[in-house]
Amino acid sequence: MTLKLQMLGTGSAFSRKYFNNNALIFDENFTLMVDCGVTAPTALHQLGRSWDSIDAVLITHTHADHVGGLEELAFQMKMRYQRKIPLYLAEPLAGPLWEHTLKGGLYQEKYIESLEDVFTVIPLPVGTPADLSPGITVELIHTRHIPGRDSYSLYLNGRVFYSADMTFDPQLLHQLVTERRCDTILHECQLEGEGQVHTTLSELLSLPEELQSNIHLMHYADNMEQFRNSTGPMKFLEQHRVYEL
Ligand SMILES: Nc1ccn([C@@H]2O[C@@H]3COP(=O)(O)O[C@H]3[C@H]2O)c(=O)n1
Ligand SMILES: [Zn+2]
Ligand SMILES: [Zn+2]
């Protein structure tokens, strides 16, 4: 079975052109949504897909460009489709996701009083692969993003690294490629300025060229076109295009 990737959006948090950096990862049998930001409902609509076509959602961390569409997903599944889909996430994210992000919009006495009332909440282990479907395996890797907040990257099917939001970690990238057979890296990329909470293009360009040739860039700003010829062998992922992983 071929694993496929379709980005619902490829933009940075405040992008207006490219939408939030959310993904569909799918094969013939199963569609996983990776992060569900503010723009995810519109992105799905533009693709002609309904919420009902999503089998599960996975959350990497609780910034709005990654979880801001979950309220609609929860309401639509609960009221329109009468379904509870799996919500995969690292266990430390579950409390904050409900208490700090979703409760304000979703809470209803005796109807929606917890995350479990709208999703089948499935905590994922960190550092150990878990089967989400017969063809999709995910290992969470705890990575640095915002001090004092948990955030996770994904290692898919033992060969594809999905950075989500993270600061530069060349050691991890080297280790994945040299010791763990990683052949595809989908990496966030801050095009300009210092990388306080993200990984910059300059940092990625400091990696060996062979490693760069495995990297596809995402989570980029609206002036991406200005950098088209400045990324070495790295290519920008495009919103809505279907890639075989
Ligand atoms: N210390 C911080 C915290 C946040 N931010 C910006 O807010 C965005 C939240 O979503 P993101 O995709 O993680 O990108 C963050 C920064 O743009 C930032 O630039 N510096
Ligand atoms: Zn983000
Ligand atoms: Zn973030």
Side-chain angles (χ1 to χ4, degrees), residues 5-25 32-44 57-73 87-102 104-105 124 126 138 140-156 160-169 172-173 185-204 215-224 226-227 231 234 236-240:
L5 168 76
Q6 186 171 38
M7 299 303 293
L8 293 174
T10 52
S12 59
F14 312 135
S15 164
R16 295 291 167 264
K17 277 164 81 174
Y18 302 119
F19 284 40
N20 298 151
N21 200 87
N22 307 158
L24 297 179
I25 290 173
L32 173 70
M33 182 184 284
V34 173
D35 287 329
C36 181
V38 176
T39 60
T42 305
L44 270 189
V57 60
L58 184 156
I59 295 304
T60 61
H61 68 296
T62 56
H63 276 149
D65 55 321
H66 303 265
V67 297
L70 279 181
E71 179 178 314
E72 174 171 338
L73 171 57
L87 168 64
Y88 292 105
L89 75 182
E91 199 276 328
L93 294 182
L97 178 62
W98 175 250
E99 290 295 332
H100 304 155
T101 305
L102 292 176
L124 285 176
V126 178
V138 174
L140 295 184
I141 301 176
H142 197 258
T143 40
R144 284 184 300 277
H145 178 33
I146 302 282
R149 293 175 69 125
D150 290 307
S151 189
Y152 301 85
S153 302
L154 313 179
Y155 198 41
L156 299 159
V160 177
F161 180 70
Y162 183 97
S163 72
D165 291 3
M166 63 181 279
T167 53
F168 190 42
D169 190 344
L172 174 64
L173 300 177
I185 295 172
L186 311 171
H187 211 294
E188 65 127 292
C189 179
Q190 181 184 311
L191 297 170
E192 297 172 288
E194 295 244 333
Q196 309 260 346
V197 298
H198 290 294
T199 298
T200 64
L201 176 58
S202 309
E203 288 170 326
L204 291 171
I215 296 181
H216 302 262
L217 304 171
M218 58 185 189
H219 206 289
Y220 45 77
D222 281 349
N223 60 346
M224 173 274 269
Q226 293 171 25
F227 294 83
T231 59
M234 300 181 283
F236 288 108
L237 280 179
E238 289 171 32
Q239 186 187 16
H240 292 182

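Whatever order the structure lists them in is the order used to number ligands and atoms, beginning at 1.
Taking the six-membered ring for Trp and thresholds of 30 and 60 degrees, His142 and Tyr152 have ring planes more than 60 degrees apart, a perpendicular arrangement. Ring orientation note: the planes of Tyr220 and Tyr18 are nearly perpendicular, at an angle over 60° on the 30°/60° scale. A tilted orientation is assigned to the rings of Phe161 and Tyr155, their planes being inclined by 30° to 60°.
For atom 10 (O) of ligand 1, the candidate residues are Ala13, Gly193, Gly11; the nearest heavy-atom contact is made by Ala13. Among Val197, Asn20, Asp65, the residue whose heavy atom lies closest to atom 20 (N) of ligand 1 is Val197.
In this structure, the separation between CG on Leu201 and CG on Leu191 is 6.0 Å, given to the nearest 0.5 Å. Atom CD1 of Ile215 is separated from atom OG1 of Thr231 by 10.5 Å, given to the nearest 0.5 angstrom. Distance check: Met7 CE to His216 NE2 gives 11.5 Å after rounding to the nearest 0.5 Å.
If you check which protein heavy atom lies closest to atom 17 (O) of ligand 1, you get Phe14 CE1, 3.5 Å. Nearest protein heavy-atom contact of atom 4 (C) of ligand 1 is Ile146 CD1, 4.2 Å.
Applying the side-chain hydrogen bond (donor to acceptor under 3.5 Å, both in side chains) rule to pairs touching residues 189-198 yields Glu188-His198, Glu192-Asn223, sequence neighbours excluded.
A side-chain donor from one of Asp35 and Thr60 sits under 3.5 Å from a side-chain acceptor of the other. Inspection of the Thr101 and Thr62 side chains reveals no N or O donor paired with an N or O acceptor under 3.5 Å.
Note: an N/O pair closer than 3.5 Å links Asp165 and ligand 1 by distance alone.
Legend: protein N/O/S atoms lying under 2.8 Å from the Zn ion (ligand 2), waters omitted, number 4.
Applying the 4.0 Å criterion to heavy atoms of His219 picks out, from ligand 1, the atoms 12 (O). Listed by atom number, the atoms of ligand 1 under 4.0 Å from His145 heavy atoms are 13 (O).
When each of His61, His66, His219 is checked for a ring-ring contact (aromatic ring centres under 6.0 Å, His included) with His145, only His61 meets the rule.
Contact between His198 and ligand 1 is present, with at least one heavy atom of the residue lying under 4.0 Å from the ligand.
Looking at Asn21 against ligand 1, nothing comes within 4.0 Å, counting heavy atoms.
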